[in-house]
Amino acid sequence: MNYWLLKTEPETFGIADLERAPKRTASWDGVRNYQARNFLRDDVKAGDGALLYYSSCAEPGVVALLRVTRAGYPDPTAFDRKNKHFDPKSKPDAPRWYMIDVQLERKLGRTITLAELRTHADGALKNMRLLMPGNRLSVMPVSAAEWRYLLKLE
DNA sequence: GCCAACGTTGGC
DNA sequence: GCCAACGTTGGC
């Protein structure tokens with residue numbers, strides 16, 4: 001089993017949306033970056049754990065734990081002309097973009113902010129992908145050690 | 001294949 | 001809103 005970090009802007013999609021959803025489960029759609037797509041398509045599996053991360057907001061950081069309930073499958077929003085994430089180059093018989101399903105496991109007791117994570121960038125979180133300069137990936141792996149360390153911080 | 005122009009991301 | 005970093009596009 002592997003661990004991931006999934007980035008979202010809270011106004012676009014967040015904990016409230018998952019809490020409202022049936023079985024607290026929703027599709028993680030709209031990813032339009034090839035590196036992130038490759039993770040979704042090839043590596044993320046049902047049963048994996050994921051950190052829900054809020055970006056572009058007052059307090060960027062990790063806010064909840066998710067469980068992957070379905071591995072990568074074609075993202076239908078790419079086929080929908082009216083959808084914001086429509087991509088005419090993605091076809092149902094040759095999909096370009098993939099999504100997964102995730103379930104809200106639980107909200108964290110508190111937000112573990114990006115600023116706080118950075119204070120560990122010389123130690124336990126030295127190799128954490130999120131903290132690498134210039135990193136903009138919206139789907140990225142998290143090591144088991146990093147996962148455990150975050151839960152300890154909580 | 002190169003590279004300039006442009007768009008997006010995301011912290012601050 | 002600013003701006004740096006990065007990805008994508010398209011002419012050549």
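Chain letters run A, B, ... following the sequence lines, proteins first and then strands; every chain starts at 1.
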Expected list for residues 49-66 of chain A: side-chain donor-acceptor pairs under 3.5 angstrom, two or more places apart:
from    : atom 1 : to      : atom 2 : distance (Å)
A:Tyr54 : OH     : A:Ile15 : N      : 2.9

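- Listed here is the closest heavy atom pair of A:Asn2 and A:Asp43: ND2-O, 4.4 Å.
- For B:dG11, the OP1/OP2 oxygens have a side-chain nitrogen or oxygen of A:Tyr53 closer than 4.0 Å.
- Rounded to 10°, the angle separating the first-five-pair axis and the last-five-pair axis of the helix from B:dG1-C:dC12 to B:dC12-C:dG1 equals 10°.
- Taking atom CZ of residue A:Arg129 and atom C1' of nucleotide B:dT9, one finds them 16 Å apart after rounding to whole Å.
- At whole-Å resolution of the value, CG in A:Asn135 and C1' in B:dT8 are 14 Å apart.
- Among residues two or more places apart in sequence or in another chain, the side chain to side chain contact (heavy atoms under 4.5 Å, CB included) test is passed with A:Thr77 by A:Asp29, A:Arg32, A:Asp75, A:Asn83, A:His85.
- Taking the salt bridge (Lys or Arg N to Asp or Glu O under 4.0 Å) definition, one finds that A:Arg96 meets it with nothing, sequence neighbours left out.
- Listed by residue number, there are no residues of residues 108-127 of chain A with a heavy-atom contact under 4.0 Å to DNA chain C.
- A cation-pi geometry, defined here as NZ or CZ lying under 6.0 Å from the six-membered ring centre and within 45° of its normal, does not hold between A:Arg37 and A:Phe39.
- Between A:Lys45 and A:Asp48, no side-chain nitrogen of the basic residue sits less than 4.0 Å from a carboxylate oxygen of the acidic one, so the salt-bridge criterion is not met.
- Against DNA chain C, the stretch residues 81-89 of chain A makes heavy-atom approaches under 4.0 Å through A:Lys89.
- Among B:dG11, B:dG7, C:dT8, the nucleotide with an atom closest to any side-chain atom of A:Tyr34 is C:dT8.
- For the side chain to side chain contact (heavy atoms under 4.5 Å, CB included) with A:Val102, the lone residue among A:Leu6, A:Thr25, A:Thr69 that qualifies is A:Leu6.
- Using a 4.0 Å cut-off between a side-chain N of Lys or Arg and a carboxylate O of Asp or Glu, A:Glu154 and A:Arg106 qualify as a salt bridge.
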